[in-house]
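As the structure is a prediction and not an experimental result, all values here were calculated from the model. Atom set for the values below is all heavy atoms of this structure, side chains included, hydrogens, waters and symmetry mates excluded. Order of the sequence lines fixes the chain letters, A, B, ..., with proteins taken first and strands second; residue numbering starts at 1 for each chain.
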There are 2 protein chains.
Amino acid sequence: MSEIQRPGALYQQVAAAIREAILSGEFAPGSLLPSEAQLMTRYGVSRPTVRNAIAALRAEGLIDVRHGKGSFVRSSGQPTLTLERRITRTSGDTFAMPNGDLWKEAEEPSTYRARTTKTTGRLLHLDEEEALFGCDRLLTDPRTGTRAMHRTLIPFEVADAVRGLAENPGTHPAAIYQLLSQDGQHLSWTETVRARMPLPDERTTLQLPDATPILHLTRVTHGSDDRALILEELRIGADRAEATYRITIDEQPARRTRA
Amino acid sequence: MSEIQRPGALYQQVAAAIREAILSGEFAPGSLLPSEAQLMTRYGVSRPTVRNAIAALRAEGLIDVRHGKGSFVRSSGQPTLTLERRITRTSGDTFAMPNGDLWKEAEEPSTYRARTTKTTGRLLHLDEEEALFGCDRLLTDPRTGTRAMHRTLIPFEVADAVRGLAENPGTHPAAIYQLLSQDGQHLSWTETVRARMPLPDERTTLQLPDATPILHLTRVTHGSDDRALILEELRIGADRAEATYRITIDEQPARRTRA
DNA sequence: AGTCGTAACTCATAAGGACAAGTGACGTCA
DNA sequence: TGACGTCACTTGTCCTTATGAGTTACGACT
């Protein structure tokens, strides 16, 4: 039984003791923690208290618990996948993304029709209830098994104006850029990064461990007049992926950003 | 007592029922959920089961629980703060960040000396154990109360080479850019976005609610020869902030990225 | 009228017991 | 030797009971 006293609740003291042992390296990443029974005798507390402490460490993402085996220190390794958020024009109107060839589609893309919501409308400067094409993809990195959810939203108005787009709203993003470019649009993009805890369905389809947030990237494609044309979303587990951007000096005195 | 049966564990069924009620709008954001006692009779389960279900919803970030008052549906509102990650040259060698004037320093910046770790070394292309200046700032947006943790790391080698830097390693980032630029460096930046659950001390200093990840932005300042000069880190609660980047077409056939 | 104590609500913490279910090793049996 | 059953270990789930602590409102007392 070791000496714990300070913070407040018993289970928090136990959690703090274990956390300290982990961060100090006493329990190496990947190693097996003492069993609940051992922790009970070690700290002289009941099983609910031990489990409460373990639940706290779980919520912090410090440990993984496997039924029938035990609690393991999570290896906090850096993300294995770096999403380079750049867009390159290879030749003529052909575009390429740094990781474009990395992803495989885990299942057929599903296209559908949707209506503008408050969120999408704000980004695309559309009134609510306007119709748009949607296309959802489930992507997989075959090397690491990492999954990502991708969504493309195209307003009817845009799809109708661009030859070849309305007939096939499931076109791959790079090909959509090509179509828009061939249509005479000078393209630029704005990307917003958010992070949040996953919803249950996101947790399962992305196969996320406990206490793992997701990165939620929202990309708006702008045309010549800086009008918002296309909306793309990418959702991916934050334990596996990071996003990198390149920033160059903006010589203009300060771009206005439409709210 | 309502009818629940499907998934697996009892508490998960209860959690699913409440979750559904929340997402369907039966319980509006900000509204008070039934008390634990009411949920016990409503679903015909014991108190630990109800609390277990509530703990699950807490971990998902769906609800907030306040001692003595009850459980409230978290208002999932969009982040109130948009970090525009652009850098503008206003005149000569003076740089400005879009939100540069937004932040106040909640306390005095603390400067210190540190040694290169594996992580920082990889980003700055330094050998381990090399010395560098560190400066930590605790920033506050006085309008919303949002807090952020900012860190600047400057290798001795760089600080010594730039006039006016080694004497005052706590210089504000924009002023550092100015010094580097006046030193003849042509600046560009690379920023990496990650998300993870906060450590306990980050939770408290950033005043984060339950189940709230943090956005972790890492910015590397590159000089003329594309050499990495400065490392900056910004940590901020993902419930309050989002980061936006501007992407323009990269005409080069594909930049190499040093691992 | 104002102050303050108390009661009745809320969630937080803790202990104990019981059984289910996943895992792996060991030993038996064919 | 191989297959398989059993057992000991693990965590998962669920219940009961008890007490502590924050919040609010009401009412009595000054």
Legend entry - Exercise: do A:T144 and A:D141 side chains pair donor with acceptor under 3.5 Å: yes
Legend entry - Listed partners of B:N99 passing side chain to side chain donor-acceptor pair (under 3.5 Å), at least two apart: none
Legend entry - Backbone of B:G145 reached by a side-chain donor or acceptor of B:R240 within 3.5 Å: no
Legend entry - Closest nucleotide among C:dA14, D:dC15, D:dT11 to the A:Y11 side chain: C:dA14
Legend entry - Interatomic distance where CD1 belongs to B:I63 and P belongs to C:dC11 [whole Å]: 10 Å
Inset, instruction - Mind calculating the distance between CD (B:Q38) and C1' (C:dA8) to the nearest angstrom? - result: 14 Å
Inset, instruction - Indicate whether OP1 or OP2 belonging to D:dT11 is found under 4.0 Å from a side-chain N or O atom of A:R66. - result: no
Legend entry - Short N-O contact, A:R203 and A:D210, less than 4.0 angstrom: yes
Legend entry - Test item: side-chain donor near acceptor, A:T82 and A:E242, under 3.5 Å: yes
Legend entry - Separation of atom CZ in A:R51 from atom C1' in D:dT11, rounded to whole Å: 6 Å
Legend entry - For atom CG of B:L32 and atom C1' of D:dG22, their distance in whole Å: 15 Å
Inset, instruction - In whole angstrom, give the distance that lies between atom CZ of B:F72 and atom C1' of C:dC11. - result: 11 Å
Legend entry - Nucleotide C:dA14, atom C1' - distance to CE of A:M40 in whole Å: 12 Å
Legend entry - side-chain N/O B:S46 vs D:dC14 OP1/OP2, d < 4.0 Å: no
Legend entry - Salt bridge flag under 4.0 Å for residues A:R19 and A:E60: yes
Legend entry - Nearest-angstrom distance from the residue atom CG of A:L10 to C1' of D:dT19: 14 Å
Inset, instruction - Please determine if a side-chain N or O atom of B:T49 lies less than 4.0 Å away from the OP1 or OP2 oxygen of D:dC15. - result: yes
Inset, instruction - Would you kindly give the CD-to-P distance between A:Q12 and C:dA12, to the nearest whole Å? - result: 11 Å
Legend entry - Side-chain ion pair, B:D64 and B:K69, N-O less than 4.0 Å: no
Legend entry - First of A:S71 and B:P48 reached from the 5' end of DNA chain D, by closest nucleotide: A:S71
Legend entry - Residues within residues 53-62 of chain B bordering DNA chain C, heavy-atom distance below 4.0 Å: B:R58
Legend entry - B:E36 bridged to B:R51 by N-O distance under 4.0 Å: yes
Legend entry - Salt bridge flag under 4.0 Å for residues B:E202 and B:R235: yes
List every contact pair, protein side and nucleotides 20-23 of chain C side both N or O, where the distance is under 3.5 Å.
from   : atom 1 : to    : atom 2 : distance (Å)
C:dA21 : N3     : A:H67 : NE2    : 3.1
C:dG22 : N2     : A:G68 : O      : 3.2

